[in-house]
Amino acid sequence: MNVVSYRPQQPFDSVFRECYYIHINKEKANRRIPVIDDCCYDFVFFKEAKGVFHFGVEHDSVPIRSKVFTIHDVVPPYRVEGAESLTFFTIKLQPWTNAYFFSILKESGVVDISDFNTNLISFHEQIFRTHEVEEKFTLADKFMAQTMPELTSTMVLVRDLCEYIYAEQGKLTVNELSRQFERSRQYLGKIFKKEVMYSLKRFIITVRILDLVKFKTKNPDISLTELSYDYGYFDQPHFINDFKKVCGVAPQQFFNNLPEFLMRHR
């Protein structure tokens, strides 16, 4: 698997968090890409436009025939599988811009978004016509520059909330945020759901679990029990329940089959 990622600089980092390019050769026996819902919507550019999206504990699946898509309102775990090779270029949004780009989504699952913006298909063609990965990232900066939103006052507040939650590794509560930002729980929850399209509580849990996952990949010898205590879980059922909400499987199962894709964070 070839995975290359890129973190944008100012001013683009106010709109998107990351780009990554993934290519899996058709010769590989395992041609699957795991997907973890981090509460950040994606513009996904799919070169082959031929694959299958698997999701949910019942292992439901739908075909992917779109050149440009996003994933909306489905139950983990997720994975994308191709009949032959798989080649993706993905632009991951900052969570406070989710609604700006995707509030009009109505259907769930793999949603074709090629009609959302007339430039998406031409960008798809440019990305896969370009061989140098660094040039793909430069094109992404230029593409996002054309769609940069003017942040509203609520988007700015939600941005500050998100950045605070990231900085605290999700080790906090909605009550603590209410005190820190001097706003009621109800108000913060309402504006957060409006802009991010996820509840504030779910976002906090997601950030906490994904930070734990990244820490574990860098420190494989630490026990899950010790790590769960470090992240504020004082009973294992609570920890396992939150982990399954985010990753779709129990912690032991997840780390015994650690997705290579996540190793880009090491």
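- Formation of a donor-acceptor pair under 3.5 Å by the T70 side chain with backbone atoms of D42 is found in this model.
- Residues V62 and F55 form a side-chain contact, since some pair of their non-hydrogen atoms from C-beta on lies under 4.5 Å apart.
- Remark: D115 engages no residue in a side-chain contact (heavy atoms from CB on, under 4.5 Å) (not counting sequence neighbours).
- By the salt bridge (Lys or Arg N to Asp or Glu O under 4.0 Å) test, R202 pairs with D37, sequence neighbours left out.
- Residues I209 and F255 are members of one and the same hydrophobic cluster, defined by side-chain heavy-atom contacts under 4.5 angstrom among Ile, Leu, Val, Met, Phe, Trp and Tyr.
- To the nearest 0.5 angstrom, E195 atom CD is 10.5 Å from M197 atom CE.
- One hydrophobic cluster holds both I222 and I240 under the rule that ILVMFWY side chains link at heavy-atom gaps under 4.5 Å.
- Residues V74 and V44 share a hydrophobic cluster, clusters being chains of Ile/Leu/Val/Met/Phe/Trp/Tyr side chains in contact below 4.5 Å.
- Residue F234 belongs to a hydrophobic cluster whose other members are Y229, with links defined by side-chain heavy atoms closer than 4.5 Å.
- Nearest heavy atom pair, residue L93 against residue C40, reads O-CB, 3.2 Å.
- With respect to Y233, the side chain to side chain donor-acceptor pair (under 3.5 Å) criterion is satisfied by exactly one of N241, D242, T225: D242.
- Defined by atom type and a distance below 3.5 Å, a donor-acceptor pair is missing between the side-chain atoms of Q94 and S14.
- Residues P149 and F101 come closest through the heavy atom pair CD-CZ, 4.4 Å.
- When all heavy atoms of K245 and P76 are compared, the closest pair comes out as O-CG, 3.4 Å.
- Under the 4.5 Å side-chain criterion, counting only non-hydrogen atoms from C-beta, L157 is not in contact with S153.
- Of all the heavy atoms in M155 and W96, the pair that sits closest is CE-O, 3.6 Å.
- Listed by chain and residue number, E168, L172, L177, Q180, F181 satisfy the side-chain contact (heavy atoms from CB on, under 4.5 Å) test with Y164 (two or more places apart in sequence, or in another chain).
- Shown here is Y6, whose OH atom has more than 12 heavy atoms of other residues, nucleotides or ligands within 6.0 Å.
- Hydrophobic clustering keeps V75 apart from V35 (ILVMFWY residues linked when any side-chain heavy atoms are closer than 4.5 Å, directly or through intermediates).
- Atom CG of L212 is separated from atom CG of L227 by 3.5 Å, given to the nearest 0.5 angstrom.
- Taking NZ from K50 and CZ from R65, the interatomic distance works out to 10.0 Å, rounded to the nearest 0.5 Å.
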Residues 103-112, side-chain donor-acceptor partners within the protein, below 3.5 Å, at least two apart:
{"residue": "S103", "atom": "OG", "partner": "A99", "partner atom": "O", "Å": "3.0"}
{"residue": "D112", "atom": "OD1", "partner": "S114", "partner atom": "N", "Å": "2.8"}
{"residue": "D112", "atom": "OD1", "partner": "S114", "partner atom": "OG", "Å": "2.6"}
{"residue": "D112", "atom": "OD2", "partner": "S66", "partner atom": "OG", "Å": "3.1"}

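- Contact check for D211 versus K171: no side-chain heavy atoms found under the 4.5 Å cut-off.
- Below 30°, between 30° and 60°, or above 60°: for F243 and F239 the angle between ring planes is above 60°, a perpendicular geometry.
- Proximity of F16 to T97: side-chain heavy atoms (C-beta onward) are nowhere separated by under 4.5 Å.
- Scanning both residues, M144 and V15, for their nearest heavy atoms gives CE-CG1, 3.5 Å.
- Between F43 and F102, the gap from one ring centroid to the other is short of 6.0 Å.
- Looking at heavy atoms from C-beta onward, R79 lies in side-chain contact with H54 at the 4.5 angstrom threshold.
- In this structure, the separation between CD1 on I22 and NZ on K47 is 14.5 Å, given to the nearest 0.5 Å.
- Residues F89 and C19 come closest through the heavy atom pair CZ-CB, 4.0 Å.
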Test side-chain contact (heavy atoms from CB on, under 4.5 Å) on L188 and V174; report intermediate values, then the result. CA-CA 8 Å; L188 292 183; V174 176; 5.6 Å; no

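- Atom-to-atom distance recorded for Y198:OH and D73:CG is 8.0 Å, nearest 0.5 angstrom.
- By the 4.5 Å heavy-atom criterion applied to side chains, R208 and Q169 are not counted as neighbours.
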Result block: side-chain N/O donor-acceptor pairs under 3.5 angstrom for residues 122-134, not counting sequence neighbours:
{"residue": "S122", "atom": "OG", "partner": "N119", "partner atom": "O", "Å": "2.9"}
{"residue": "H124", "atom": "NE2", "partner": "F46", "partner atom": "O", "Å": "3.0"}
{"residue": "T130", "atom": "OG1", "partner": "Q126", "partner atom": "O", "Å": "2.8"}

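- Counting only heavy atoms from C-beta outward, the side chains of D13 and Q10 approach each other to under 4.5 Å.
- Salt bridge K92/D38: present, at least one basic N to carboxylate O contact under 4.0 Å.
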Dump the intermediate steps for side-chain contact (heavy atoms from CB on, under 4.5 Å) on F192 and C162, then the final yes or no. CA-CA 9 Å; F192 196 91; C162 291; 3.7 Å; yes

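- Proximity of F69 to F53: side-chain heavy atoms (C-beta onward) are nowhere separated by under 4.5 Å.
- In this pair, F143 and F45 present their aromatic rings perpendicular. The plane angle is above 60°, beyond the 30 to 60° band.
- Within a 6.0 Å radius of CD in Q146, more than 12 heavy atoms belonging to other residues, nucleotides or ligands are found.
- Taking NZ from K136 and OG1 from T138, the interatomic distance works out to 11.5 Å, rounded to the nearest 0.5 Å.
- Residues F254 and V57 fall into different hydrophobic clusters, defined by Ile, Leu, Val, Met, Phe, Trp and Tyr side chains chained together at heavy-atom separations under 4.5 Å.
- Here the two rings, on Y41 and Y100, have centers that are 6.0 Å apart or farther.
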